[in-house]
Amino acid sequence: MSKSERPNQLFRNLNAKVASIPMVLTALVIFVGGSAWTVLYSFTNSKLLPRLNFVGLDQYYRLWSTPRWLISIENLLVYGVLSLVFSLVIGFMLAALLDQKIRFEDTFRTIFLYPFALSFIVTGLVWQWLLNPEFGIQGVVRGLGWESFNFDPLYNSSIVIYGITIAALWQGTGLIMCLMLAGLRGIDEDIWKAARVDGIPMWKTYLFIIIPMMRPVFVTALVIIAAGIVKVYDLVVAQTSGGPGIASEVPAKYVYDYMFFAQNLGQGFAASTMMLLSVLIVIVPWAYLEFGGRKRV
C-alpha cells in the first residue's frame with residue numbers, strides 16, 4: 001500500500017515544484033556552474049581569452065607572491081573585522097535606544113536608515129568630499145580656528161582603509177539597526193517584566209537574556225555584513241581608486257583589474273577562487289553546526 005502511494009507523494013505540491021524549476025536551474029547553471037568554471041580555468045595561463053592550457057598551481061604561486069594581493073588581503077581583514085564589530089555594536093545600541101519608545105522614533109529610524117538607500121558609489125563620493133583635507137571636515141575645523149587639526153585618512157596610506165570603513169559603517173549600520181529593532185520588538189513583554197521584578201540590571205538583561213534570544217537576528221545580520229565585506233569594490237573605487245598607490249586595494253578590485261585591464265584571466269580566476277574559498281571556510285562549518293547538528297539531535 002505504501003509503495004502505491006509513493007507516486008502521489010512525488011507529485012504533491014506539483015505547481016510549487018514546477019514554479020521553482022527556473023530558480024533551481026539558475027542556481028545550478030549560473031552559480032554552481034560558473035564557480036566550477038572559474039576554479040577550472042584558474043589552473044590555466046589564460047590571458048585575453050580563456051583557454052585550457054593547464055599550468056598547475058603557477059597562478060596561485062604568482063598570486064601569493066604579489067605584494068598587491070597581500071595588501072588586498074590585509075585591507076580586507078582590517079575592513080572586515082572593523083565593519084563586523086562596529087556594525088553589530090552600533091546597530092544594536094541604536095536599536096536598544098529606539099526601543100525605549102522615545103518621541104519621534106519614526107523620524108530617527110528614517111534618518112538612520114536613509115544612507116542605506118544610497119549606492120556605494122554615491123556614499124563613496126560623499127565621504128570623499130567630507131574627508132577632503134581642503135573642503136571637508138579638516139578644512140571646516142581649521143577654518144574655525146583649530147589650525148593643527150588633522151583628519152585626512154584617505155590621503156594617508158597607513159590609515160586609508162579606516163576612512164573607507166567609516167563610509168561603509170555610515171551606510172550600512174542603519175539596516176543592522178532595523179534588523180535588531182525588529183528582533184527587540186519580538187521579545188515578549190513578560191520577559192522584561194520578570195527581569196525588573198527579579199531586580200536584574202538592564203545591562204545584564206540585555207547581555208544574558210535578550211541577546212541570546214535574538215540569535216537568529218544576529219545570524220542574519222552576520223550573513224548580510226559578511227556578504228558586503230567580501231564583495232566590497234565600488235566604495236573603494238569611488239573614494240580612492242585603490243590609492244594612495246595601492247594602499248587601499250581589496251581582492252574584488254584586484255580580480256576586476258587583472259581580468260579586464262591587465263587581460264590576465266588566469267590570475268583573475270585564481271584570485272576569485274581564493275575569495276570563494278574564504279567564503280566556504282566560513283559558511284561550511286557554520287552550516288554544519290547550524291543544520292547538521294540539529295538533525296543528529
Side-chain angles (χ1 to χ4, degrees), residues 16 20 23-24 27 31-32 35 76-102 105-106 108-117 120 165-232 235 275-297:
S20 66
M23 191 60 205
V24 173
F31 297 121
V32 178
S35 298
L76 187 66
L77 290 175
V78 174
Y79 173 85
V81 171
L82 294 178
S83 296
L84 184 63
V85 173
F86 283 101
S87 292
L88 291 175
V89 172
I90 297 175
F92 183 81
M93 291 179 63
L94 291 175
L97 292 174
L98 291 179
D99 193 44
Q100 305 304 313
K101 308 296 188 299
I102 63 174
E105 176 190 329
D106 293 340
F108 285 114
R109 189 168 61 238
T110 302
I111 293 173
F112 291 140
L113 186 60
Y114 177 76
F116 186 74
F120 273 117
T165 305
I166 292 173
L169 291 173
W170 179 79
Q171 195 211 37
T173 303
L175 175 64
I176 305 304
M177 178 208 68
C178 289
L179 292 174
M180 296 297 176
L181 183 59
L184 289 173
R185 293 290 165 82
I187 301 296
D188 194 341
E189 189 65 26
D190 292 338
I191 295 177
W192 293 102
K193 294 179 180 178
R196 286 193 292 267
V197 170
D198 293 338
I200 302 176
M202 182 66 72
W203 68 272
K204 284 189 176 181
T205 303
Y206 276 110
L207 189 60
F208 297 108
I209 300 177
I210 302 303
I211 291 179
M213 293 180 64
M214 292 177 58
R215 182 173 176 270
V217 178
F218 277 91
V219 171
T220 300
L222 179 64
V223 171
I224 293 174
I225 297 171
I229 291 171
V230 174
K231 66 180 183 180
V232 60
L235 187 62
M275 292 178 64
L276 175 63
L277 182 62
S278 65
V279 174
L280 293 178
I281 290 175
V282 176
I283 290 180
V284 171
W286 169 79
Y288 176 78
L289 294 175
E290 186 71 15
F291 302 106
R294 289 182 179 179
K295 290 182 179 180
R296 292 189 176 184
V297 174

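Every value quoted in this text rests on a predicted model; they were computed, and no experiment measured them.
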Please examine the side chains of [Y] and [X], heavy atoms only from C-beta on, and report whether any two atoms are closer than 4.5 Å.
| X | Y | result |
| --- | --- | --- |
| M177 | R109 | yes |
| V279 | M275 | no |
| L88 | M180 | yes |

Do you know which two heavy atoms are closest between [X] and [Y], and how far apart they sit?
| X | Y | answer |
| --- | --- | --- |
| L98 | R185 | O-NH2, 3.3 Å |
| V217 | L179 | CG1-O, 3.4 Å |
| I191 | M213 | CD1-CE, 3.2 Å |
| F120 | L235 | O-CD1, 3.7 Å |

Is it the case that more than 12 heavy atoms not belonging to [X] sit under 6.0 Å from its [atom1] atom?
| X | atom1 | value |
| --- | --- | --- |
| Y114 | OH | no |
| Y206 | OH | yes |
| F116 | CZ | no |

(Q) Using modelled atom types and a 3.5 Å cut-off, is there a donor and acceptor pairing between side-chain atoms of D188 and backbone atoms of D190? (A)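 A pair under 3.5 Å: yes.
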(Q) Checking the side chain of Q100 only, and the main-chain atoms of A96 only, is there a donor and an acceptor separated by less than 3.5 Å? (A)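 It does hold such a pair.
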Q: Go through the steps to decide whether V232 and L76 satisfy the test side chain to side chain contact (heavy atoms under 4.5 Å, CB included), and finish with yes or no.
A: CA-CA 9 Å; V232 60; L76 187 66; 4.1 Å; yes
(Q) Walk me through whether F92 and I176 qualify under side chain to side chain contact (heavy atoms under 4.5 Å, CB included). (A) CA-CA 7 Å; F92 183 81; I176 305 304; over 6 Å; no
